[in-house]
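All values reported here derive from a predicted model rather than from experimental measurement. Computation of the quantities below employed the complete heavy-atom set of this structure, encompassing side-chain atoms and omitting hydrogens, waters and symmetry-equivalent molecules. In what follows, every chain begins at residue 1, and chains take the letters A, B, ... in the order their sequences are listed.
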2 protein chains.
Amino acid sequence: MPPMPISKSPLYKIVNPQSIAIFGASNRYGSMGTNLLNSIQSLGFTGPIYPVHPEKKTVMNLEAYLSVRDLPEIPDLAIIVLPTKLVPEILDQCGEKGIRHAIVVSGGFTEVGDEGKNLQEEIIRIARKHGIRFLGPNCIGAVNPYHRFNTTFFSYEQEPGFIGMASQSGSFITQMFDYLKRFGLGFSTGFSVGNEADIDLVDCLEYLGACPHTKVIGMYIETIRRGRKFIETARRIVPHKPIVAYYAGGSEAGRKASLSHTGALSGPDRLYDGVFRQSGVIRAFSIEELFDFCWCLGACPMPAGNRVIVQTNSGGPGAVAADVCSREGLVLNPLSEKTRQALSEYVPSTGSVNNPIDITFVRKNMDFFLTIPRILLEDENADSLLVYLLMPDQSIRRAMEAHGITGEKAVTEAKKFVDEQTRSVAALMREAVKPCIGFSFYTRVNRFVKNLQDEGVAVLPSPSRAARALSAMVKYVERRDRMIQNSD
Amino acid sequence: MPPMPISKSPLYKIVNPQSIAIFGASNRYGSMGTNLLNSIQSLGFTGPIYPVHPEKKTVMNLEAYLSVRDLPEIPDLAIIVLPTKLVPEILDQCGEKGIRHAIVVSGGFTEVGDEGKNLQEEIIRIARKHGIRFLGPNCIGAVNPYHRFNTTFFSYEQEPGFIGMASQSGSFITQMFDYLKRFGLGFSTGFSVGNEADIDLVDCLEYLGACPHTKVIGMYIETIRRGRKFIETARRIVPHKPIVAYYAGGSEAGRKASLSHTGALSGPDRLYDGVFRQSGVIRAFSIEELFDFCWCLGACPMPAGNRVIVQTNSGGPGAVAADVCSREGLVLNPLSEKTRQALSEYVPSTGSVNNPIDITFVRKNMDFFLTIPRILLEDENADSLLVYLLMPDQSIRRAMEAHGITGEKAVTEAKKFVDEQTRSVAALMREAVKPCIGFSFYTRVNRFVKNLQDEGVAVLPSPSRAARALSAMVKYVERRDRMIQNSD
């Protein structure tokens with residue numbers, strides 16, 4: 001079956017609207033609707049926004065309308081952030097106006113019990129009557145930074161990214177903006193699906209599978225409502241785009257939490273593990289892992305196999321990376337004879353040309369970051385490279401001082417020095433045909449790390465996390481290839 | 001057996017010296033010795049430091065001496081950062097001078113093969129002859145911020161902390177300064193043991209067990225050389241102080257990495273698991289976990305059992321915390337009837353008074369952070385509380401703007417607001433008799449998180465990490481109590 005053109009997706013107009021009507025925004029801080037409108041405005045949405053408000057003439061400096069009937073055009077999308085009991089009537093009015101897409105942010109539906117369940121059935125009926133497709137209720141909306149569109153609670157302040165996300169928790173969309181920014185990452189598109197009264201995870205999968213900005217799909221799952229369709233859809237996508245999922249409903253407590261969160265019944269862990277395996281979906285076991293895996297799968301070329309070289313100048317981090325790689329099923333072969341020879345002039349007597357290769361120290365920084373990785377990437381016995389990245393600002397500062405460069409000038413010179421060095425290292429790591437993943441205990445406060453991440457290199461925050469992410473890549477390739485083979 | 005008085009430890013003078021001789025420091029940037037001297041000076045060590053240098057009259061603005069014989073007194077400690085082949089002679093001279101404690105930083109001993117092995121045996125002989133006790137070789141030294149003493153590669157720039165660390169990798173001492181600082185944490189004392197030619201992990205355990213500043217002991221282990229003594233020593237310490245260990249030699253690749261790192265032969269994973277269980281040592285499975293576990297064990301009161309309440313206002317993070325708790329053997333009981341009644345006026349209709357308790361939103365911030373935790377901490381069906389902490393700077397800024405407070409004044413007012421709120425929240429969380437651990441995807445860039453951490457509250461960077469750390473505490477208490485019972 002050919003993939004669906006993205007414009008046919010019920011989600012297309014929802015995250016690419018030309019015009020928006022918003023219900024529930026006011027001039028009062030603290031109201032949810034106002035916050036969402038704030039987010040839309042602050043990302044610089046370019047189309048007209050029509051606040052509908054029963055009293056106000058203006059809302060957040062926009063002309064407001066007493067009723068959706070009064071709008072000068074039929075907006076592509078209605079965003080509804082009203083008290084629960086008002087939702088059915090407003091949705092009906094939207095339908096009468098001709099609006100065919102909506103995001104229902106309001107909560108108080110199936111997740112609160114029987115009365116809410118009836119209300120949810122009512123809005124489904126109304127939507128069907130008018131042919132409205134909608135996200136929610138009880139969701140936080142969506143973000144598509146490529147379209148300068150963000151209906152979620154927080155401002156989206158970074159560049160658009162390559163991670164497409166579908167989440168049964170709004171938190172793992174909107175609260176991840178700041179989290180991802182700390183690694184230089186961002187979303188291509190993100191959906192908070194809420195109670196999935198109409199549009200569900202599977203629809204999001206289809207959209208993200210077709211989305212040209214999305215290199216990898218992340219999912220936060222508390223339940224899968226359409227199991228067979230999920231597997232079918234994922235299997236169509238996985239051969240050309242990786243999918244990573246975190247499943248929170250696997251334990252007794254997780255199941256109960258999901259139930260009261262989105263009113264959904266989750267299943268036993270093993271069942272979901274089976275669904276993921278069958279679908280070719282890679283399972284992550286924490287939110288950090290979910291995004292680590294997405295990062296490497298989206299930023300790096302795919303490994304041809306499970307053989308890895310670990311390069312370090314610190315024995316401990318190297319040993320940890322090696323140990324975790326090994327536990328994760330990756331193999332650390334000895335370096336080839338050719339590699340050992342090529343390395344001989346760069347590795348001091350204190351160093352070790354085993355795998356992990358522990359350089360201990362180098363005469364020139366760039367030997368460690370450039371010359372040695374270049375040699376290692378050519379080793380025929382390895383499919384990937386993990387490199388420990390330690391370029392302490394403190395050492396650079398001391399070096400400057402040692403050369404008599406101090407004060408403001410030292411700061412400028414140090415920056416220039418680091419910037420020059422990272423450019424070439426980034427080019428090497430990014431353009432390698434094998435995955436070349438950095439790991440460091442430093443964050444982006446360290447300019448070297450920041451520069452590399454900004455240039456598209458995956459630099460993970462610890463040896464364990466880098467090793468597990470690489471292992472996820474290997475798993476993906478195995479599942480993908482098996483899938484392609486079976487379909488031949 | 002009564003615990004050894006700390007002053008009897010061979011490590012006492014090593015991390016509490018009154019005076020230091022240093023060999024291998026020069027005026028040349030980039031030399032290891034110079035860097036170490038730099039670290040000692042920058043922490044403000046108050047005693048005399050005597051650089052010994054064959055040529056220079058001054059080293060780093062200190063009077064230098066041609067030979068250790070020329071020193072005006074017998075220093076408590078010699079730090080040797082010289083080329084391998086010079087070490088034996090210099091150590092011998094130190095002994096003749098009367099020096100009885102040393103740190104041998106130089107590498108090139110057992111870790112590089114047979115020749116190095118002979119050299120190592122030689123320095124052991126020399127040390128024994130003079131009664132010298134020493135750390136190393138092939139180590140990075142030690143840090144004791146309470147004594148303003150730091151011989152490691154990087155400056156120690158935070159407050160002294162409560163984590164005592166013994167590590168077979170220098171990286172996991174010196175490179176963790178920056179890492180721990182990012183959580184408002186620090187070391188009480190840290191030892192890099194290197195090849196353990198004389199002093200080993202067990203000696204460090206004894207020291208840290210007796211150290212009054214050390215609330216919890218962390219260990220990075222590639223091998224244990226004195227197995228029985230390790231178990232004995234740990235069992236003496238665990239009843240009054242928790243020990244957490246990361247073991248890197250458990251896998252095939254980990255074993256090989258350890259061998260070339262410190263020349264030590266590690267054993268199979270199960271063997272070490274057994275040793276840890278027998279010793280009452282809590283095992284961590286990543287470096288992050290090692291410090292997470294130490295953090296909670298050192299900062300919080302111990303839980304009386306495995307029953308936890310998860311409090312959140314975001315369904316997703318709450319569900320993840322619940323799921324991981326459950327997987328880790330923690331139990332989420334329903335809230336007691338008394339608790340549910342006490343909560344009723346604070347939880348809106350969209351919220352859920354199950355466990356996790358999902359407040360969704362509150363009229364007053366302090367209801368979430370103060371009133372509700374206070375009620376939950378009194379629930380008789382729970383031994384601990386995990387609280388999701390989300391106080392976005394952005395929302396506070398928007399609130400200020402909404403009240404017409406803008407520009408510089410908004411920044412000041414927002415700070416004041418957050419500072420006031422955190423003081424009372426910190427007091428509640430810190431003084432609770434049950435462990436009350438925060439979790440947040442925010443870092444210390446978020447002032448609320450920073451303030452809480454600075455006031456001694458454990459705020460972990462994700463639901464999974466908080467849940468696993470709490471589980472480690474429960475495991476510790478179980479092992480400790482079993483140990484105390486058996487010894488009765």
Side-chain angles (χ1 to χ4, degrees), chain A residues 29-30 35 38 107-108 112 154-155 167-172 175-176 178-179 182 220 222 248-254 256-258 260-262 286-288 314-320 322-323 325-327 332 349-350 352 354 356 358 360 390 392 394 398-399 402 441-443 462-464, chain B residues 29-30 35 38 107-108 112 154-155 167-172 175-176 178-179 182 220 222 248-254 256-258 260-262 286-288 314-320 322-323 325-327 332 349-350 352 354 356 358 360 390 392 394 398-399 402 441-443 462-464:
Chain A
Y29 156 80
N35 261 311
N38 212 319
V112 298
F154 295 130
S155 301
S167 175
Q168 282 172 341
S169 160
S171 303
F172 295 130
Q175 291 177 32
M176 295 300 107
D178 178 77
Y179 178 82
R182 294 207 302 272
Y220 170 79
E222 294 185 359
S251 72
E252 175 66 21
K256 281 189 195 158
S258 307
S260 65
H261 180 208
T262 51
S286 68
I287 297 299
E288 300 92 303
S314 290
V320 172
D323 197 54
C325 280
S326 200
R327 286 172 195 276
L332 284 87
S349 66
T350 48
S352 139
N354 299 312
D358 183 359
T360 61
L390 178 71
Q394 180 175 302
R398 282 181 184 174
F441 284 103
Y442 284 128
T443 63
S462 80
S464 310
Chain B
Y29 155 79
N35 261 311
N38 212 320
V112 298
F154 294 131
S155 301
S167 174
Q168 282 171 342
S169 160
S171 303
F172 294 130
Q175 290 176 32
M176 295 299 106
D178 179 78
Y179 178 82
R182 294 208 301 273
Y220 170 78
E222 293 185 358
S251 72
E252 175 66 20
K256 282 189 195 159
S258 307
S260 64
H261 180 210
T262 51
S286 68
I287 296 299
E288 299 93 302
S314 291
V320 171
D323 197 53
C325 280
S326 201
R327 286 172 196 276
L332 284 87
S349 67
T350 49
S352 139
N354 298 311
D358 183 359
T360 62
L390 178 71
Q394 179 174 303
R398 281 182 183 172
F441 285 103
Y442 283 127
T443 64
S462 81
S464 308

Backbone of B/Gln168 reached by a side-chain donor or acceptor of B/Glu222 within 3.5 Å: no
side-chain contact (heavy atoms from CB on, under 4.5 Å) against A/Ser286, all qualifying residues, sequence neighbours excluded: A/Glu288, A/Glu289, B/Ser464
Pairwise distance OG(B/Ser169) to CD1(B/Ile287) - rounded to 0.5 angstrom: 8.0 Å
Side chain, backbone, both or neither of B/Ser155 within contact of chain A (heavy atoms, under 4.5 Å): both
Option in A/Gly107, A/Cys325, A/Gly108, A/Pro317 with maximal non-hydrogen atom pairs under 4.5 Å from chain B: A/Pro317
For the student: nearest non-hydrogen atoms of A/Gly316 and B/Tyr220, plus distance: O-OH, 3.5 Å
Atom group of B/Phe441 that falls short of 4.5 Å from chain A, counting heavy atoms: both
Engaged part of A/Phe154 at the chain B interface, taking heavy atoms whose separation is under 4.5 Å: both
Heavy-atom closest pair, residues B/Ala322 and B/Pro356: CB-CD, 3.7 Å
Contacting region of B/Thr443 [heavy-atom separation from chain A under 4.5 Å]: both
Chain B contact via A/Pro392 - which portion, at a heavy-atom distance below 4.5 Å: side chain
